[in-house]
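Everything on this sheet refers to the single structure shown next.
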Amino acid sequence: MQKAIQSVRGMRDLLPAETPRWRLIEDETRALLAAFGYDEVRLPLLEPTTLFSRGVGESTDIVEKEMYSLQDRDGDSLTLRPEGTAGCVRLGLQHGLLFNQQQRLWYAGPMFRYERPQKGRYRQFDQIGVEAFGASDPALDAELIQFGDVLLRRLGLREQVALELNTLGSGDSRAAHREALVAYLTPLREKLDADSQRRLDRNPLRILDSKDPNTQALLKDAPRLQDFLDDASQAHFAQLCAHLDQIGISYRLNPGLVRGLDYYTHSVFEWVTDELGAQGTVCAGGRYDSLVEQLGGRSTPGAGFAIGVDRLVLLHEAVHGAWPGPALDVYATVAEPEQAGAALAFCQQLRAVVPGLRVRLDTAGGKLKNQFKRADASGARWALVLGAEEIAAGKATVKWLRESQPQAMLGLDELRQMLTTTGPG
RNA sequence: GUGGGCGUAGCUCAGCUGGUAGAGCUCCGGAUUGUGAUUCCGGCGGUCGUGGGUUCAAGCCCCCUCGUCCACCCCA
């Protein structure tokens, strides 16, 4: 025996028992996106590496150590997309969709980051990205949050998820605060915990969120981002909060909420649950007014968020448990191998006459007893027997597997009648 | 990248102080010539994750390594 080949670490297979739950979440999201007037785009999985180093930020964890990069045959550096926003902006610029226009776009598919896998975190993971361009009004930020609220309600997950909100202010105010923070902390460097010492160079904002009590004590008099917000930034955020109040969406202000991607400005938000362990962020996003310019376009405001499909699936499973029902309505058995051809024909006639009916024909053969065992295990509501007698009469024997109803031999028309008038089981 | 838990049949797991690898479920056959979910009988199924070491003897002890899960970090 050859050594069995396994899937790549952190890249999962989805088995038949799980895919219906995925489809439920994908279908609900797609329907809601249509209802909000969003248009679908499809993006390549592979992009030029520079798109991400320029878009996401040179010194972010994603770019520094998590990208799957490879050399193309002509020496160009390509990267498996670690997130979707940069690619979506690239698409908009390349096709002239952004300048002086309003665009509402969405896309779905896998993203790739080289991280240590754990619950809710995988090297290939699925996102549905929602992006809106051309509007700087906080009403857009509010609508993106409203979308998340409605989606979570539709999935029956709203009670398990809370909204966290923060503002980073304009690019200028963010930079000024960062400078002041670094100036304040640098003399204290030796007293910080190890993680925060590293953050001091990379992402000082995150130090504010340190779990180390010693570090927290040192931060008591640290410069606060709020004090650096200019009037316009403050007004923008106040307006967003007012909108949310008006549509009845409650939120928790979290000054420690700092998105790890460099492109965020003004509002940032996360939908968070505590039912998934450490990786509890189920959707997250914010405004990125300077990203388009950073990627070479005319300055265009934008905002968006990403839905972590893997995590929504996990949460749905944790909250709603077993799901869904059986995948079959009818399981057809064949008495002897000689009747297989006629059975193939009969099953297809049945599918044709009853649209949507799910009919599986047993092709494993063997004793009728075993075919019935499989019929039972399949979850189907009815079993059919196709044998010499039935074929000769152009009929099939129908047996109810879940209810006590008499077994009967019926023709195609009677069968259609019975199956279409029987309510859902 | 760091830390901890776990790797024994297709699945869930037992396996004592080192002494001939087990159970339940699944699957197949039979009791029942063409009828499941209950019962009874029988059967298939294992390089004990991999490689090395200690020992008369290793699933068990030691070392390496791989995989997996959870956490840190970070993020969807």
Side-chain angles (χ1 to χ4, degrees), chain A residues 1 3-10 12 15 17 56 60-66 81-85 108-130 148 193-196 198-199 202-203 206 209-212 257-261 268-273 276-285 304-315 331 333-336 339 362 364-391 397-404 407 409:
Chain A
M1 265 235 292
K3 203 171 188 177
I5 295 175
Q6 283 195 310
S7 61
V8 173
R9 182 180 176 82
R12 305 184 295 161
L15 304 184
V56 175
T60 58
D61 273 16
I62 290 179
V63 170
E64 279 196 345
K65 51 183 198 189
E66 295 176 1
R81 61 182 187 192
E83 61 101 53
T85 303
M111 308 292 165
F112 303 85
R113 291 182 201 169
Y114 187 90
E115 296 180 90
R116 192 81 167 257
Q118 73 183 80
K119 184 172 185 175
R121 191 174 76 178
Y122 311 100
R123 290 182 172 181
Q124 175 179 331
F125 59 101
D126 243 68
Q127 284 190 345
I128 298 172
V130 184
D193 61 278
D195 280 333
S196 293
R198 276 193 304 105
R199 292 170 177 140
R202 179 174 298 176
N203 191 355
R206 194 160 278 291
D209 219 15
S210 172
K211 283 159 194 155
D212 186 80
L257 178 56
V258 177
R259 321 263 41 255
L261 287 56
V268 291
F269 59 90
E270 286 190 9
W271 292 99
V272 181
T273 180
L276 291 185
Q279 309 298 329
T281 300
V282 134
C283 304
F305 75 107
I307 298 163
V309 183
D310 304 73
R311 291 180 186 175
L312 271 190
V313 169
L314 285 175
L315 181 59
Y331 192 101
T333 66
V334 185
E336 288 105 25
Q339 284 104 41
D362 189 302
K367 305 225 148 211
L368 206 55
K369 174 192 175 87
N370 287 320
Q371 298 191 43
F372 263 85
K373 276 190 175 181
R374 292 193 283 266
D376 183 50
S378 77
R381 193 176 184 191
W382 298 281
L384 294 189
V385 182
L386 297 162
E389 196 187 338
E390 287 85 355
I391 300 295
T397 297
V398 187
K399 176 162 178 172
W400 296 68
L401 294 171
R402 316 290 158 198
E403 291 111 315
S404 56
Q407 172 172 320
M409 197 161 95

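As the structure is a computational prediction, the values presented were derived from the model and not from experiment. Below, chain A is the first sequence line, B the second, and so on; all start at residue 1.
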### Message
Without decimals, in angstroms, what is the distance between A:E66 CD and B:A76 P?
### Response
10 Å
### Task
Look at the side-chain N and O atoms of A:R374 and state whether any lies under 4.0 Å from the OP1 or OP2 oxygen of B:A37.
no
### Task
Determine the interplanar angle of the A:F305 and A:F269 rings, folded into 0 to 90°, and report it as parallel if under 30°, tilted if 30 to 60°, perpendicular if over 60°.
tilted
### Query
Do A:R116 and B:U2 have a side chain to base donor-acceptor pair shorter than 3.5 Å?
yes
### Message
Categorize A:Q407 for me: base, sugar-phosphate, or nothing, with a 4.0 angstrom heavy-atom threshold over every strand shown.
### Response
base
### Query
Given B:A71, B:C75, B:A76, which nucleotide is nearest the side-chain atoms of A:E115?
B:A76
### Message
For a quick check of understanding: with a heavy-atom distance under 4.0 Å over all strands, which category does A:A377 fall into, base, sugar-phosphate or nothing?
### Response
nothing
### Query
Any side-chain donor-acceptor pair under 3.5 Å between A:Y122 and A:D310?
no
### Message
Rounded to whole Å, please give me the gap between CZ in A:R121 and P in B:C73.
### Response
10 Å
### Task
Once you apply the 3.5 Å cut-off to both distances, tell me the Watson-Crick or G-U wobble partner of B:G24, or none.
B:C11
### Query
Looking at B:U35, does its base get a donor-acceptor pair with the side chain of A:K399 below 3.5 Å?
yes
### Query
Base, sugar-phosphate, or nothing for A:A375, non-hydrogen atoms under 4.0 angstrom?
nothing
### Message
Applying a 4.0 Å non-hydrogen cut-off, can you work out what A:R199 is touching in the nucleic acid: base, sugar-phosphate, or nothing?
### Response
sugar-phosphate
### Query
Touch check for A:E390, heavy atoms < 4.0 angstrom, all strands: base, sugar-phosphate only, or nothing?
base
### Message
Judged by each residue's nearest nucleotide on RNA chain B, which is more toward the 5′ side, A:I62 or A:G10?
### Response
A:G10
### Task
Using a 4.0 Å heavy-atom cut-off across all strands, classify A:L261 as base, sugar-phosphate, or nothing.
sugar-phosphate
### Query
Counting just side-chain N and O atoms, does A:Q118 come under 4.0 Å of either OP1 or OP2 of B:C70?
no
## Note on the structure
Separation of B:U39 atom P from A:K369 atom NZ, nearest Å, is 12 Å
